[in-house]
Protein chains: 2
Amino acid sequence: MISQRRLEDPGKRKRLELRLRTTLAGKKVLIVYAHQEPRSFNASLKRVAVDELSQQGCTVTVSDLYAMDFEPRATRKDITGALSNPEFFSYGVEAYEACKKRSLTSDIIDEQKKVQEADLVILQFPLYWFSVPAILKGWMDRVLCQGFAFDIPGFYDSGFLKDKLALLSLTTGSTAEMYTKTGVSGDFRYFLWPLQHGTLHFCGFKVLAPQISFAPEIASEEERKGMVASWAERLKTIWNEEPIPCTPDWYFGQ
Amino acid sequence: MISQRRLEDPGKRKRLELRLRTTLAGKKVLIVYAHQEPRSFNASLKRVAVDELSQQGCTVTVSDLYAMDFEPRATRKDITGALSNPEFFSYGVEAYEACKKRSLTSDIIDEQKKVQEADLVILQFPLYWFSVPAILKGWMDRVLCQGFAFDIPGFYDSGFLKDKLALLSLTTGSTAEMYTKTGVSGDFRYFLWPLQHGTLHFCGFKVLAPQISFAPEIASEEERKGMVASWAERLKTIWNEEPIPCTPDWYFGQ
């Protein structure tokens, strides 16, 4: 806690602000962004995140998956060298071996470098079928391979990305009311389980609370602006946030 | 219920068998299959399903997604005619309009025809990140569009595919013990929610119990054979099965 008194001392305040800026200046953020339209609401959320985090002095990198025409299919093309077993193709085994030998295809290696450098990874996407769009699912399937993001052992709390933060920022088609325990689509936390726990936490990420912008398509212009503003506002203090407890109780408890 | 006495009457038994075969002969099954390797365990499960269902007299169609190099990305290429709004691309809106005007790209229409004709859709896949591989996620994102699989209103129990059955047949990397309420990965039903409830049930499908083959890669050859055999055995009486209650309680209850 910073006491009010301390903040009232102009000299101390300046030094504190400087220290804060120096800390944040070193922070690196990767935004993995999955929307086709540059004028979309998702694009606005991505843009304010880039602006706000850059203003803080963070280095922000964006992987714009549709613009990159990112490959979602996990195939043998992902391995550039010889296969470990050409007679029987197991994607998991081959990607693991290729990762160790640095013979994964370049688009995967590029993304892995971005993840490796990031202190915080933000996934920005519209919810498709209670999950990420296929192009972003492909990013998860191909980039977060064994040997890079985890190993056996070396998962969940010992996942290789355990010194990093991750955050899902997503938009829904349905209203917040539908995503409640008594709503037809169930609590929104139910659909977060495979993404936050099964994927991000499995790789070791500390997961920050999700940023869910409900039903922007049926919201008023003012409401949409409010949702964008509240995301920007949250990002101002994002580095002070504590991760959620990534346990079944957070998702399915009362 | 068929009484034992009735079965003991050879004439009646023959007529019953004939009636059963006639009923099943009319049944159509679509298997959407997502594995890269024809000699894989997933391929074995797909093959016995084709064999068993064909022997019953069903018509079985397989969409072999990797062999088809199926496109997972939802982009404007999916709309062959003019866009409803060329200034602002919304995939959901454009796919809906294109579906009504029959101007979706041919690979989507082909898959929709297969789904339309099927009485039962089986999704056969290895679990990737608590979900389907991206290539199969893309099949869901692109094929099950508004106007074809559902409308607003016209979802969940009134989804357009409400006279059909669906079943997930999947393999895991982890053991059954890990997928329990007290296991590190939580109950396996948790990760089924977005797929079975959020996708299949949303489109109206009646969902049959999942067929989960746990950790075939670390099982013995005998255990693997047992898993394939039990899937074939189950399929013998698949048409007598009752769908699961697709409610939060099935997934998250005690």
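By convention in this document, chain letters (A, B, ...) are assigned in the order of the sequence lines, proteins followed by strands, and residues within each chain are numbered from 1. Given the structure is predicted, the values throughout are model-derived calculations rather than measurements.
Across Arg73(A), Glu71(A), Gln36(A), the residue that shares the most heavy-atom pairs under 4.5 angstrom with chain B is Arg73(A). The residue among Gly173(B), Gly198(B), Ser90(B) with the most heavy atom pairs within less than 4.5 Å of chain A is Gly198(B). Chosen from Thr75(A), Ile152(A), Thr247(A), Val184(A), the residue pairing most often with chain B at heavy-atom distances under 4.5 Å is Val184(A). Of the residues considered (Ser40(A), Ala74(A), Pro38(A)), Ala74(A) shows the highest number of contacts with chain B, using heavy-atom pairs under 4.5 Å.
Contact annotation for Tyr156(A): only side-chain heavy atoms (C-beta onward) come within less than 4.5 Å of a heavy atom of chain B. For Phe89(B), the parts sitting under 4.5 Å from any heavy atom of chain A are the backbone and the side chain alike. Within the 4.5 angstrom heavy-atom criterion, only side-chain atoms of His35(A), from C-beta onward, approach chain B. For a residue to count as touching a neighbouring chain, one of its non-hydrogen atoms must lie under 4.5 Å from one of that chain's; by this rule Cys246(A) does not touch chain B. Only the backbone of Phe70(A) comes within contact range of chain B, with heavy atoms under 4.5 Å apart. If you measure heavy-atom distances from Tyr66(B) to chain A, the contacts under 4.5 Å come from the side chain alone. Only the side chain of Phe252(A) comes within contact range of chain B, with at least one heavy atom under 4.5 Å from a heavy atom of that chain.
No donor-acceptor distance shorter than 3.5 angstrom exists from the side chain of Thr105(A) to the backbone of Thr80(A), with no hydrogens or angles considered. Looking at Glu94(A), its side chain does come within 3.5 Å of a backbone N or O of Asn85(A) through a donor-acceptor pair.
In this structure, OH in Tyr33(B) is found 6.0 Å from CG in Asp64(B), a value given to the nearest 0.5 Å. The CZ atom of Arg189(B) sits 12.5 Å away from atom OG1 of Thr180(B), with the distance rounded to the nearest 0.5 Å. The distance from atom CD1 of Ile244(B) to atom OH of Tyr251(B), rounded to the nearest 0.5 Å, is 4.0 Å.
Counting only heavy atoms from C-beta outward, the side chains of Ile31(B) and Thr61(B) never approach each other to under 4.5 Å. When side chains are defined from C-beta on, Lys181(B) does not count as touching Pro248(A), because their heavy atoms never get closer than 4.5 Å.
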Atom pairs and distances, side-chain donor-acceptor, residues 209-220 of chain A, under 3.5 Å, sequence neighbours left out:
| from | atom 1 | to | atom 2 | distance (Å) |
| --- | --- | --- | --- | --- |
| Gln211(A) | OE1 | Arg234(A) | NH1 | 2.9 |
| Ser220(A) | OG | Glu223(A) | N | 3.1 |
| Ser220(A) | OG | Glu223(A) | OE1 | 3.3 |

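Below 4.5 Å, heavy atoms of chain B meet heavy atoms from Tyr128(A), Trp129(A), Phe130(A), Ser131(A), Val132(A), Pro133(A), Ala134(A), Ile135(A), Lys137(A), Gly138(A), Met140(A), Asp141(A), Leu144(A), all part of residues 127-145 of chain A.
Considering every non-hydrogen atom in both Glu97(B) and Ser84(B), the closest pair reads CG-CB, 4.0 Å. The two residues Pro243(A) and Lys206(A) make their nearest non-hydrogen contact at CG-CB, 3.6 Å. Nearest heavy-atom pair across Ala98(A) and Ile79(A) is CB-CG1, 3.7 Å.
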